[in-house]
Amino acid sequence: MDIAYLNGQQLPLAQASVPVLDRGLLFADAVYEVIPVYAGKAFLLDEHLQRLANSLAGIRLANPHTDDQWQGLLNALIDANGGGDLSLYLQVTRGAAPRRDHRLPENPTPNVIAFCQSRKPPDAAVFDQGVATISMQDTRWTHCQFKSTSLLANILASDDAARAGATEAIMLRDGQVMEGASSNIFAVIDGVVQTPRLRPEILPGITRGLLLKLAKANAVECLETDVSLAQLKSAEEIWLTSSIREIFPVTRLDEQPVGTGKPSPIWAQMRRLIHASTA
């Protein structure tokens, strides 16, 4: 569980390091992916690699590997960490330049970093009682479609949520729901599953995309549309989705109950469908 990948070699995680002048460290000039691993197999790896490629293109950094190379090195890392159920973290930085300079260096040599962590199932109480959320203004940059390591605004929002006794912060722009600090948002409004339409301020979540496909395949009406805070507060159900947490029910928003105040039927149906897809 303590084996990392760094620029072509596997080594103990505690020994993996990058130079002080690495631009990922100095400027958050880097992108990343977090990939769930079930029974030793990276889940939806092709989709994660495509999003990684999109993020690299978005920050003007050439992809250092082909998909086949990524699959080979990541699968080898999973095996080196014993397989099983894991969380696989992957990061590509623009590398170190001779001096600290805001301007992009010519012909950079990226640093490629990956490691695994154990992934434990969430507390069963979450599925019995749901989680609380708060809403707040979105203070992040406007290119959230790229999975950047520039996460300080997300971290502070998550801390605001924790200080309020909540699990997640739901980000708002001009009264419209964007996403959570580390999740996408779904809601059942007037009996129809709805999720904010993709735009630059929203990350195209892999689990979000999976849920949309599963809904369509199972005749569950689901819309990608604008969702206002007022609509969200009137929803019968709210869910959070992410690759590691899968799908969580929200039962409180801004200290008010969501729907019946308990996890609800459509969420339970979608959770079963997601679990079946990982088997």
Side-chain angles (χ1 to χ4, degrees), residues 5-7 18 21-36 42-71 73-74 87-97 100-115 138-158 169 171-174 176-185 195-213 224 226 241-244:
Y5 174 94
L6 176 63
N7 296 334
V18 295
L21 286 174
D22 181 82
R23 291 179 61 88
L25 173 64
L26 295 178
F27 301 115
D29 189 356
V31 296
Y32 75 104
E33 285 290 325
V34 182
I35 305 168
F43 185 57
L44 298 177
L45 182 55
D46 289 345
E47 287 83 348
H48 281 280
L49 291 179
Q50 181 59 62
R51 187 171 65 181
L52 176 67
N54 294 343
S55 294
L56 288 166
I59 68 166
R60 305 169 196 171
L61 179 59
N63 196 329
H65 295 302
T66 67
D67 282 357
D68 286 345
Q69 289 171 334
W70 279 121
Q71 290 171 4
L73 71 89
L74 294 177
S87 169
L88 173 58
Y89 181 89
L90 164 64
Q91 179 173 316
V92 182
T93 84
R94 205 178 302 270
R100 183 183 182 278
D101 191 332
H102 282 211
R103 289 171 293 187
L104 295 181
E106 294 183 7
N107 304 314
T109 301
N111 281 319
V112 178
I113 306 156
F115 58 85
D138 192 346
T139 59
R140 303 168 303 161
W141 74 325
T142 57
H143 291 292
C144 298
Q145 78 271 33
F146 307 136
K147 202 165 176 66
S148 164
T149 58
S150 180
L151 294 172
L152 184 56
N154 304 64
I155 289 168
L156 293 176
S158 294
M171 317 299 275
L172 307 172
R173 293 187 190 237
D174 299 322
Q176 298 295 308
V177 176
M178 298 292 105
E179 58 186 350
S182 60
S183 62
N184 290 113
I185 305 293
T195 190
R197 63 180 175 82
L198 290 181
R199 48 192 285 182
E201 296 85 358
I202 295 176
L203 180 73
I206 303 301
T207 303
R208 176 189 182 276
L210 173 62
L211 194 148
L212 290 170
K213 291 179 182 177
E224 296 181 81
D226 290 338
T241 64
S242 71
S243 290
I244 300 304

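- Between N7 and V18 there is no side-chain heavy-atom pair separated by less than 4.5 Å.
- With rounding to the nearest 0.5 angstrom, the CG atom of D29 is 10.5 Å from the CZ atom of R60.
- Between L211 and R208, every side-chain heavy-atom pair lies at or beyond the 4.5 Å cut-off.
- Distance CG/L56 to NE2/H65: 10.5 Å, rounded to 0.5 Å.
- The minimum heavy-atom distance between A28 and S148, with the atom names listed, is O-OG, 4.1 Å.
- Checked against a 6.0 Å centroid threshold, the rings of H102 and F27 count as neighbours.
- Between T207 and N184 the shortest side-chain heavy-atom distance does not fall below 4.5 Å.
- Closest of all the heavy-atom pairs between G95 and N111 is CA-ND2, 3.7 Å.
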(request) Determine, step by step, whether L90 and V112 satisfy the side chain to side chain contact (heavy atoms under 4.5 Å, CB included) criterion, reporting the C-alpha distance in whole Å, the side-chain angles of both residues, the deciding distance to 0.1 Å, and the verdict. (result) CA-CA 8 Å; L90 164 64; V112 178; 4.3 Å; yes

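- In this structure, E179 CD and L172 CG are separated by 11.5 Å, a value rounded to the nearest 0.5 Å.
- Using a 4.0 Å cut-off between charged side-chain N and carboxylate O, R51 and E33 make a salt bridge.
- With rounding to the nearest 0.5 angstrom, the CG atom of D138 is 12.5 Å from the CD atom of Q176.
- Taking CG from L212 and OG1 from T241, the interatomic distance works out to 8.5 Å, rounded to the nearest 0.5 Å.
- Taking 4.5 Å as the limit, every side-chain heavy atom of P108 sits out of range of all side-chain heavy atoms of R23.
- In this structure R100 satisfies the salt bridge (Lys or Arg N to Asp or Glu O under 4.0 Å) test with no other residue, sequence neighbours excluded.
- When all heavy atoms of S55 and Q145 are compared, the closest pair comes out as OG-O, 4.5 Å.
- Contact between R140 and E201 at its shortest, heavy atoms only, is NH2-O, 3.3 Å.
- Counting heavy atoms from C-beta outward, L52 and K147 have side chains that stay 4.5 Å or more apart.
- Side-chain contact between Q50 and H48: absent, with no pair of heavy atoms (C-beta onward) separated by less than 4.5 Å.
- Taking the six-membered ring where the residue is Trp, F146 and H143 present parallel rings, their angle staying beneath 30° rather than reaching 60°.
- Proximity of L88 to Y5: side-chain heavy atoms (C-beta onward) are nowhere separated by under 4.5 Å.
- Shown here are the side chain to side chain contact (heavy atoms under 4.5 Å, CB included) partners of L156, two or more places apart in sequence or in another chain: L152.
- Listed by chain and residue number, nothing satisfies the salt bridge (Lys or Arg N to Asp or Glu O under 4.0 Å) test with D22 (two or more places apart in sequence, or in another chain).
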(message) Between S87 and V34, does the side chain to side chain contact (heavy atoms under 4.5 Å, CB included) criterion hold? Intermediate values first, please.
(response) CA-CA 7 Å; S87 169; V34 182; 3.5 Å; yes

(request) Let me see the working for S243 and I206 under side chain to side chain contact (heavy atoms under 4.5 Å, CB included), right down to the final yes or no. (result) CA-CA 7 Å; S243 290; I206 303 301; 4.0 Å; yes

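- Taking 4.5 Å as the limit, every side-chain heavy atom of D67 sits out of range of all side-chain heavy atoms of D46.
- With rounding to the nearest 0.5 angstrom, the CG atom of L203 is 8.5 Å from the CG atom of L198.
- What you find for V92 and P110 is that their closest heavy atoms are CG1-CB, 3.9 Å.
- Listed for the T195 side chain is a donor-acceptor partner under 3.5 Å among the backbone atoms of I185.
- Considering all non-hydrogen atoms of both residues, I35 and A42 come closest at CG2-CB, 4.0 Å.
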